[in-house]
Amino acid sequence: MPWVKEGDVNLSYEVTGEGFPVMLFAPGGMRSAAAFWGNSPWDPREVLASDFTVVAMDQRNAGASTAPISAHDSWQTYADDHLRLLDALEIERCHIVGGCIGGAFAFKLMQQAPDRVAAAVIQQTIGFDHNTDVFYAMFDGWAVDQQAKDSALTDEVLSCFRSNMYDGEAVFSVGYEVIERLTHPLLILRGDDQYHPASVSDHIASIAQHATLIRDWKEDGEKTGALAGAFLLEHSA
């Protein structure tokens, strides 16, 4: 896999296909990496490659990507990485497909750089429904691995980072008031468990200006992939 490197930040990514660019933000929580798409009901790396240039990345300190960890890290840190990768690949505008934590990444990037995003497929996004504890536990499991790699990484630093990520509500990265103002076309593939609450998908679909909600999408991955591809093609002008 190729790399984008800037200082101590090393972002690993892969590119397939040719056409209007699509950036993939993979499932996997803090371990979000391109390989996790292989466990999805549909794999956008394969499904979309016939019509799009598909960029799948490993988030920092997941998969093959690495970066320093600080108490100031937050959703903004990840958005800066996403813009860093888009700039390096000279992609001025793209679609996003975000699964799980990738939904939160997608909404942050749409807030941060609205003109860089044409449309987004949001697949069972994470979100708050009185479930902060499960995200703390998920983060802590990842943090143990990071401390095994870097003995100087303190519990205090990781606790601050965790709070920056998961002490909010809505989709954690942005509030619902931000989502209400977004004008991007959104295809919402509904969540259905404690990490991806149905209530969050439903609320996003009810307040976003241009959102389509798909309730049953896991049973037929081929159909879902075709639906997502057609949606993105429609908004690729």
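Residue indices begin at 1 and follow the sequence shown.
Side-chain atoms of N164 come within 3.5 Å of backbone atoms of A71 as a donor-acceptor pair (strictly under, hydrogens ignored). Distance alone, capped at 3.5 Å, places no donor-acceptor pair between the S173 side chain and the W75 backbone. At distances below 3.5 Å, not a single donor-acceptor pair connects side-chain atoms of E92 with backbone N or O atoms of R116. In terms of modelled atom types and a separation under 3.5 Å, the side chain of T77 and the main chain of S74 share a donor-acceptor contact. Counting only distance, with no hydrogens or angles, the side chain of H235 and the backbone of A119 share no donor-acceptor pair below 3.5 Å.
Of all heavy-atom pairs between V121 and F231, the closest is CG2-CD2, 3.9 Å. Minimum interatomic distance between G99 and W37 (heavy atoms only, all atoms of both residues): N-CH2, 3.7 Å. Nearest heavy atom pair, residue A33 against residue A62, reads CB-C, 4.5 Å. When every heavy atom of V157 is checked against every heavy atom of S70, the shortest pair comes out as CG1-C, 3.6 Å. The minimum heavy-atom distance linking I122 with A106 is given by the pair CD1-CB, 3.7 Å. Smallest separation of non-hydrogen atoms from Q111 and L182: N-CD2, 4.3 Å.
Counting only residues at least two apart or in different chains, salt bridge (charged side-chain N to carboxylate O under 4.0 Å, His left out) contacts with residues 222-231 are absent. Applying the salt bridge (charged side-chain N to carboxylate O under 4.0 Å, His left out) test to residues at least two apart or on different chains, the pairs with a partner in residues 45-64 are E14-R45, D43-R45, R60-D81. Pairs passing the side chain to side chain donor-acceptor pair (under 3.5 Å) check and including a residue from residues 120-130, sequence neighbours excluded, read S40-Q123, W42-Q123, Q124-K218, D129-S199. For residues 15-32, every residue pair satisfying the side chain to side chain donor-acceptor pair (under 3.5 Å) rule, not counting sequence neighbours, is listed here: R31-D145. Screening residues 150-177 for salt bridge (charged side-chain N to carboxylate O under 4.0 Å, His left out) gives D140-R162 as the qualifying pairs, with residues at least two apart or on separate chains.
Taking E234 as the reference, nothing meets the salt bridge (Lys or Arg N to Asp or Glu O under 4.0 Å) condition, with sequence neighbours excluded. Applying the side-chain contact (heavy atoms from CB on, under 4.5 Å) criterion to H203, with sequence neighbours excluded, gives Y176, S206, I207. With sequence neighbours excluded, the residues satisfying side-chain contact (heavy atoms from CB on, under 4.5 Å) with L227 are L187, I214. Under the rule for a salt bridge (Lys or Arg N to Asp or Glu O under 4.0 Å), R215 has no partner lying at least two apart in sequence or in another chain. Partners of H72 by ring pair (Phe, Tyr, Trp, His ring centres under 6.0 Å), not counting sequence neighbours: none found. Residues meeting the side-chain contact (heavy atoms from CB on, under 4.5 Å) test with D115, sequence neighbours left out: none. For the ring pair (Phe, Tyr, Trp, His ring centres under 6.0 Å) test, no residue two or more places apart in sequence or in another chain qualifies with W3.
Around the CG atom of D8, the shell of radius 6.0 Å holds no more than 12 heavy atoms that belong to other residues, nucleotides or ligands. Within 6.0 Å of CD in E219 there are more than 12 heavy atoms belonging to other residues, nucleotides or ligands.
Between atom CG of residue L232 and atom NE2 of residue H95 there is a gap of 5.0 Å, rounded to the nearest 0.5 Å. Considering CG of D80 and CG of L85, their distance stands at 13.0 Å, rounded to 0.5 Å. The distance from the OG atom of S201 to the CD1 atom of I126 is 11.5 Å, given to the nearest 0.5 Å. Note: M57 CE to R84 CZ = 9.5 Å, rounded to the nearest 0.5 Å.
For the pair Y166/F128, no side-chain contact is recorded, criterion being any heavy-atom separation below 4.5 Å from C-beta on. Contact check for C100 versus H196: side-chain heavy atoms found under the 4.5 Å cut-off. Within the 4.5 Å cutoff, the side chain of N61 has heavy atoms near those of the W142 side chain. In this structure, the side chains of F25 and Y78 stay at 4.5 Å or more apart for every pair of heavy atoms. A heavy-atom distance below 4.5 Å is not found between the side chains of N39 and P27. Inter-residue side-chain proximity for I101 and F172 is flagged as unmet; no heavy-atom pair is nearer than 4.5 Å. Between K108 and Q76, the closest side-chain pair of non-hydrogen atoms falls below 4.5 Å. The shortest distance between side-chain heavy atoms of Q147 and I69 does not fall below 4.5 Å.
Cluster membership for I96 and W217, using ILVMFWY side-chain heavy atoms within less than 4.5 angstrom, is not shared. Under a hydrophobic clustering in which Ile, Leu, Val, Met, Phe, Trp and Tyr are joined whenever their side-chain heavy atoms come within less than 4.5 Å, directly or via other members, L24 and V15 fall into different clusters. Under the 4.5 Å side-chain contact rule for hydrophobic residues, L186 and V97 do not share a cluster. F36 and F139 are members of different hydrophobic clusters when ILVMFWY side chains are connected at heavy-atom separations under 4.5 Å. When the side chains of ILVMFWY residues are joined at heavy-atom separations under 4.5 Å, either directly or via intervening members, V200 and I188 end up in a single hydrophobic cluster.
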_Quick one, I91 with M23, criterion side chain to side chain contact (heavy atoms under 4.5 Å, CB included). Give me CA distance, side-chain angles, the key distance, then yes/no._
CA-CA 10 Å; I91 295 174; M23 177 77 82; 5.7 Å; no
*Assess whether side chain to side chain contact (heavy atoms under 4.5 Å, CB included) is satisfied between V178 and F107, documenting all intermediate values.*
CA-CA 9 Å; V178 171; F107 283 117; over 6 Å; no
*asked:* With side chain to side chain contact (heavy atoms under 4.5 Å, CB included) as the criterion, how do Q146 and M30 come out once you've worked through the C-alpha distance, each side chain's angles and the decisive distance to 0.1 Å?
replied: CA-CA 11 Å; Q146 303 312 307; M30 300 299 294; over 6 Å; no
*Taking it one step at a time, do F135 and N131 satisfy side chain to side chain contact (heavy atoms under 4.5 Å, CB included)?*
CA-CA 7 Å; F135 289 100; N131 56 354; 3.5 Å; yes
